[in-house]
Amino acid sequence: MKKKLNITIEEKLLDKIKAYAESQERSVSDLVQEHFESLLKPRPLFPKGMTLIEFMKSLPKSQVEFPEEINWKEEYRKSRGAEG
């Protein structure tokens with residue numbers, strides 16, 4: 001169900017948006033609805049639509065030197081308090 005919404009904006013802006021809507025063969029209402037929907041969409045967690053893997057690869061390398069033989073799974077378990 002659609003409902004009416006009254007808004008107040010500057011006349012010059014309204015003239016420009018009407019002309020834009022006409023050039024796009026759309027209504028001002030359609031443009032406003034689309035804009036409101038975009039405001040309510042969840043934002044991507046990563047920039048530019050990157051996946052988690054792409055984001056991780058884009059991060060700078062660590063400045064800390066870790067021994068190559070470190071067992072990361074074991075270190076994680078220790079940090080969580082569930083050794084073994």
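Heads up: numbering here begins at 1 and tracks the sequence.
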To the nearest 0.5 Å, how far apart are [atom1] in [X] and [atom2] in [Y]?
X	Y	atom1	atom2	result
Glu11	Lys16	CD	NZ	12.5 Å
Ile17	Tyr20	CD1	OH	7.0 Å
Leu31	His35	CG	NE2	10.5 Å

Mind checking whether [X] and [Y] sit in one hydrophobic cluster, side chains of I, L, V, M, F, W, Y counted as touching below 4.5 Å?
X	Y	value
Phe46	Met56	yes
Leu13	Phe36	yes
Tyr76	Trp72	no
Leu39	Val28	yes

Taking all non-hydrogen atoms of both residues into account, name the closest pair between Ser27 and Ala21 and its distance.
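Of all heavy-atom pairs spanning Ser27 and Ala21, the closest is C-CB, 4.0 Å.
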Can you sort out the partners of Glu22 under side-chain hydrogen bond (donor to acceptor under 3.5 Å, both in side chains), two or more places apart, ordered by chain and number?
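If we apply the side-chain hydrogen bond (donor to acceptor under 3.5 Å, both in side chains) test to Glu22, skipping adjacent residues, there are no hits.
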In chain order, what residues pass the salt bridge (charged side-chain N to carboxylate O under 4.0 Å, His left out) check against Glu34, with sequence neighbours excluded?
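Salt bridge (charged side-chain N to carboxylate O under 4.0 Å, His left out) list for Glu34, sorted by chain: Arg26.
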Should Val32 and Asp30 count as side-chain neighbours, where that means a heavy-atom distance under 4.5 Å?
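No, their side chains stay 4.5 Å or more apart.
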With a 6.0 Å cut-off (strictly less than), is the heavy-atom count around CD of Glu25, excluding the residue itself, greater than 12?
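Check fails, neighbour count at 12 or below.
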What I want to find out is whether Glu54 reaches Lys57 closely enough, with some N-O distance under 4.0 Å, to be called a salt bridge.
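Salt bridge absent between Glu54 and Lys57.
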